[in-house]
Amino acid sequence: MNKTKSIISILVFIVFLSIIGFTLFKWVSFGTIDAAGIFFSFLALSYFFNWLNWGHHEGGGEKDELDKHIETQSAKIGYYVLMILSGLILFISEGTGSFNEIDNYPLVIVVGLTCYRSYYRIHIFKEV
């Protein structure tokens, strides 16, 4: 990585730390969790990781077959991790294991859509 790219990656990391630090400050000081701060901190973090991996914020350039295969497998694994974590967040945040006692309907819809998407990929396209 040349000097300009390393300076940009450091600046992006500082922006990430600033956003997450301000979000944590608001949480500790005022007892409120700012969803925008969490969202933009993840956005800055993804921007930072793209700079580290590819040298620019838009992601990879040209890819050969191995890169495409690794990317596909990583996406599948990441998707299943996301599906499991969203289900865990649903049941932990609601404090119950019973679907009859859940009141967070938007999160139930998200979990249902992730499960539908994985079912669709496995049984329709036979991608396991």
Side-chain angles (χ1 to χ4, degrees):
M1 222 188 292
N2 63 23
K3 188 174 181 178
T4 305
K5 290 183 179 182
S6 64
I7 290 172
I8 290 173
S9 65
I10 290 170
L11 286 174
V12 170
F13 188 68
I14 290 171
V15 168
F16 164 71
L17 289 177
S18 301
I19 294 171
I20 201 72
F22 183 69
T23 302
L24 288 173
F25 169 75
K26 284 176 65 175
W27 179 45
V28 170
S29 298
F30 305 111
T32 60
I33 297 175
D34 187 20
I38 294 171
F39 175 77
F40 286 113
S41 65
F42 280 118
L43 191 64
L45 187 63
S46 68
Y47 193 88
F48 172 69
F49 282 138
N50 275 334
W51 267 103
L52 284 182
N53 289 333
W54 306 106
H56 54 86
H57 70 281
E58 295 176 356
E62 294 182 28
K63 298 175 183 150
D64 60 0
E65 286 296 317
L66 181 60
D67 288 335
K68 289 179 184 177
H69 177 72
I70 291 171
E71 187 176 82
T72 302
Q73 293 302 318
S74 297
K76 287 179 184 178
I77 292 168
Y79 188 80
Y80 288 115
V81 168
L82 176 67
M83 182 179 69
I84 291 167
L85 287 177
S86 64
L88 283 174
I89 289 170
L90 173 65
F91 290 114
I92 291 171
S93 68
E94 291 295 317
T96 183
S98 173
F99 279 111
N100 294 332
E101 298 174 11
I102 293 177
D103 294 326
N104 191 350
Y105 296 116
L107 190 54
V108 171
I109 291 170
V110 168
V111 172
L113 288 174
T114 59
C115 292
Y116 169 75
R117 174 78 171 121
S118 65
Y119 174 81
Y120 182 75
R121 289 190 67 180
I122 291 171
H123 294 290
I124 303 301
F125 291 115
K126 304 292 183 195
E127 293 179 8
V128 178

Original post:
Which ILVMFWY residues are connected to I10, directly or by a chain of links, through side-chain heavy atoms under 4.5 Å apart?
Top reply: I14
**OP:** Report the distance from atom CG of L24 to atom CD1 of I38, rounding to the nearest 0.5 Å.
**Re:** 9.0 Å
**OP:** Kindly give the heavy-atom pair with the smallest separation between F16 and S41, and that separation in Å.
**Re:** CD1-O, 3.2 Å
Original post:
By the rule that ILVMFWY residues connect when side-chain heavy atoms come within less than 4.5 angstrom, directly or transitively, which residues belong alongside V15?
Top reply: I19, F39, F40, L43
Original post:
Below 4.5 Å, heavy atoms only, C-beta onward: do L107 and S93 meet side chain to side chain?
Top reply: yes
**OP:** Look at the side-chain heavy atoms of Ile, Leu, Val, Met, Phe, Trp and Tyr, link any pair under 4.5 Å apart, and say whether L85 and M83 land in one connected group.
**Re:** no
**OP:** Name all residues meeting the side chain to side chain contact (heavy atoms under 4.5 Å, CB included) criterion together with I84; count only those two or more places apart in sequence or in a different chain, and write none if there are none.
**Re:** L88
Original post:
Atom CG of N104 and atom CD1 of I109: how far apart are they, to the nearest 0.5 Å?
Top reply: 9.5 Å
Subject >> Geometric class of the F25/F30 ring pair [parallel <30°, tilted 30-60°, perpendicular >60°] >> reply: perpendicular
Original post:
Taking only residues two or more places apart in sequence or in another chain, which ones pass side chain to side chain contact (heavy atoms under 4.5 Å, CB included) with V28?
Top reply: none
Original post:
Can you hop from L82 to I89 via hydrophobic side chains spaced under 4.5 Å?
Top reply: no
Original post:
Which residues, ordered by chain and number, are linked to L11 in its hydrophobic cluster, where ILVMFWY side chains connect at heavy-atom gaps below 4.5 Å, directly or through other members?
Top reply: I7
Original post:
For L66, which residues count as a side chain to side chain contact (heavy atoms under 4.5 Å, CB included) partner, sequence neighbours excluded?
Top reply: D64, I70
**OP:** Can you tell me which residue pairs pass the salt bridge (charged side-chain N to carboxylate O under 4.0 Å, His left out) test with a partner in residues 8-29, sequence neighbours excluded?
**Re:** K26-D34
